[in-house]
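See below for the structure under consideration.
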Amino acid sequence: MKKLTISSFLLCLLLAGCAQEAGPSPLACNQDMAAYLGTTYGAFREQGGGEAALYHANLFTAQIPGAAVTAVFAADYDADLAVSILADTNLLVRLEGRLGDLLNGLTEEMTLDDFSDRIAEDGTAPAYQIEEGGGTLYYVADRYAVVSFADGLTLHISLEQQSEKVGPDSYAWLF
């Protein structure tokens with residue numbers, strides 16, 4: 001009985017070591033959120049989305065139902081009325097929110113290299129680069145990472161001035 005107990009204990013240790021060797025779980029785009037990309041404003045409202053409010057220039061925002069993510073729609077400019085008008089046919093152009101809400105599996109802060117490795121598609125890590133913007137409605141932050149995926153999706157992730165780390169609370173845009 002003692003040998004069986006020791007053998008069981010050693011097997012548990014071995015299995016625990018193998019589980020740790022497997023590394024952290026991969027990250028994946030939250031498909032519930034990504035499904036909104038390319039949606040028309042009319043379809044968004046039919047799916048339970050609320051009325052959008054003017055954000056800036058020709059951009060309007062609305063909250064994704066049941067989520068802490070914002071939908072951004074591009075409206076048409078009516079020169080005769082000198083105003084942007086959001087129609088049912090206008091498209092959702094990006095999602096804004098916490099990176100942890102846009103991705104599944106992101107629970108800790110990590111370097112961009114580790115992030116890229118963990119979100120790899122078919123073993124291929126997506127390309128990323130660090131860019132600078134004006135920190136306005138046209139750029140996610142003054143300094144941000146642009147992560148480009150093979151399927152055409154792009155993430156813009158806000159970075160702290162001296163850091164190249166991202167985490168679940170990092171502000172991000174998904175295109």
Side-chain angles (χ1 to χ4, degrees), residues 24-76 84 86-131 133 135-160 163-175:
S25 62
L27 303 175
C29 186
N30 181 330
Q31 292 304 309
D32 292 338
M33 294 299 110
Y36 282 98
L37 292 173
T39 299
T40 65
Y41 178 56
F44 175 80
R45 286 199 341 247
E46 286 174 11
Q47 296 170 12
E51 294 292 319
L54 180 64
Y55 189 35
H56 178 75
N58 72 324
L59 300 177
F60 284 73
T61 63
Q63 202 68 28
I64 298 288
V69 175
T70 302
V72 179
F73 296 90
D76 296 317
S84 293
L86 183 61
D88 283 348
T89 56
N90 290 118
L91 295 176
L92 186 149
V93 293
R94 75 175 179 245
L95 299 173
E96 298 182 1
R98 290 175 358 106
L99 189 57
D101 292 328
L102 296 172
L103 300 177
N104 295 325
L106 183 61
T107 59
E108 62 192 347
E109 189 174 73
M110 63 189 70
T111 67
L112 280 169
D113 284 338
D114 289 341
F115 176 79
S116 181
D117 289 343
R118 294 235 345 245
I119 201 159
E121 303 169 300
D122 298 324
T124 304
Y128 73 85
Q129 59 192 36
I130 296 175
E131 295 189 9
T136 66
L137 298 174
Y138 302 107
Y139 303 97
V140 70
D142 289 337
R143 190 166 175 275
Y144 59 100
V146 176
V147 182
S148 303
F149 300 95
D151 63 4
L153 290 179
T154 303
L155 268 172
H156 288 195
I157 308 168
S158 176
L159 299 173
E160 298 295 326
S163 173
E164 291 186 12
K165 290 188 174 185
V166 298
D169 291 329
S170 298
Y171 187 65
W173 294 354
L174 178 64
F175 296 88

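Because only heavy atoms are used, hydrogens play no part in the values below, and waters and symmetry mates are left out as well, while side chains stay in.
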- Query: Can Leu159 and Asp142 be said to form a side chain to side chain contact (heavy atoms under 4.5 Å, CB included), step by step?
  - Reply: CA-CA 8 Å; Leu159 299 173; Asp142 289 337; over 6 Å; no
Quick one: closest heavy-atom pair of [X] and [Y], and the distance?
{"X": "Val93", "Y": "Ala74", "value": "CG1-CB, 3.7 Å"}
{"X": "Ala172", "Y": "Leu99", "value": "CB-CD1, 3.9 Å"}
{"X": "Met33", "Y": "Ala67", "value": "CE-CB, 3.8 Å"}
{"X": "Pro126", "Y": "Ala120", "value": "CD-CA, 4.0 Å"}
{"X": "Ile64", "Y": "Ala71", "value": "CD1-CB, 3.8 Å"}
{"X": "Met110", "Y": "Leu27", "value": "SD-CD1, 4.4 Å"}

Atom [atom1] in [X], atom [atom2] in [Y]: separation rounded to 0.5 Å?
{"X": "Ser148", "Y": "Leu153", "atom1": "OG", "atom2": "CG", "value": "10.0 Å"}
{"X": "Ile119", "Y": "Leu106", "atom1": "CD1", "atom2": "CG", "value": "8.5 Å"}
{"X": "Trp173", "Y": "Ser158", "atom1": "CH2", "atom2": "OG", "value": "10.0 Å"}
{"X": "Arg98", "Y": "Leu103", "atom1": "CZ", "atom2": "CG", "value": "10.5 Å"}
{"X": "Asp76", "Y": "Thr89", "atom1": "CG", "atom2": "OG1", "value": "6.5 Å"}

- Item | SB check Asp88 Arg45 (cutoff 4.0 Å) | yes
State whether the side chain of [X] and the backbone N or O of [Y] hold a donor-acceptor pair below 3.5 Å, judged by distance alone.
{"X": "Ser170", "Y": "Gly167", "value": "yes"}
{"X": "Ser84", "Y": "Ala57", "value": "yes"}
{"X": "Gln63", "Y": "Val69", "value": "yes"}

- By side-chain hydrogen bond (donor to acceptor under 3.5 Å, both in side chains) - contacts of Asp117 (at least two apart): none
- Item | All side-chain hydrogen bond (donor to acceptor under 3.5 Å, both in side chains) counterparts of Gln129, not counting sequence neighbours | Glu131
Within the structure provided, determine whether [X] and [Y] are in side-chain contact (heavy-atom separation under 4.5 Å).
{"X": "Phe175", "Y": "Leu37", "value": "no"}
{"X": "Ile157", "Y": "Val147", "value": "yes"}
{"X": "Leu174", "Y": "Thr154", "value": "no"}
{"X": "Val72", "Y": "Leu92", "value": "no"}
{"X": "Leu112", "Y": "Ile130", "value": "yes"}
{"X": "Lys165", "Y": "Phe115", "value": "no"}
{"X": "Thr39", "Y": "Leu91", "value": "no"}

- Go through the steps to decide whether Glu51 and Phe60 satisfy the test side chain to side chain contact (heavy atoms under 4.5 Å, CB included), and finish with yes or no. CA-CA 9 Å; Glu51 294 292 319; Phe60 284 73; over 6 Å; no
- For residues Asn30 and Asp101, is any side-chain donor paired with an opposing acceptor at under 3.5 Å? no
- Query: Can a donor-acceptor pair be found between the side chains of Tyr128 and Glu164 at a distance below 3.5 Å?
  - Reply: no
- Task: Please step through salt bridge (Lys or Arg N to Asp or Glu O under 4.0 Å) for the pair Glu108 and Arg118, ending with a clear verdict.
- Result: CA-CA 12 Å; Glu108 62 192 347; Arg118 294 235 345 245; 3.4 Å; yes
- Message: Is it the case that the ring center of Phe73 lies less than 6.0 angstrom away from the ring center of Phe44?
- Response: yes
- Verdict with reasoning, Tyr55 to Glu96, per side-chain hydrogen bond (donor to acceptor under 3.5 Å, both in side chains): CA-CA 12 Å; Tyr55 189 35; Glu96 298 182 1; 3.3 Å; yes
- Item | Pairing residues for Tyr144 by the ring pair (Phe, Tyr, Trp, His ring centres under 6.0 Å) criterion, not counting sequence neighbours | His156
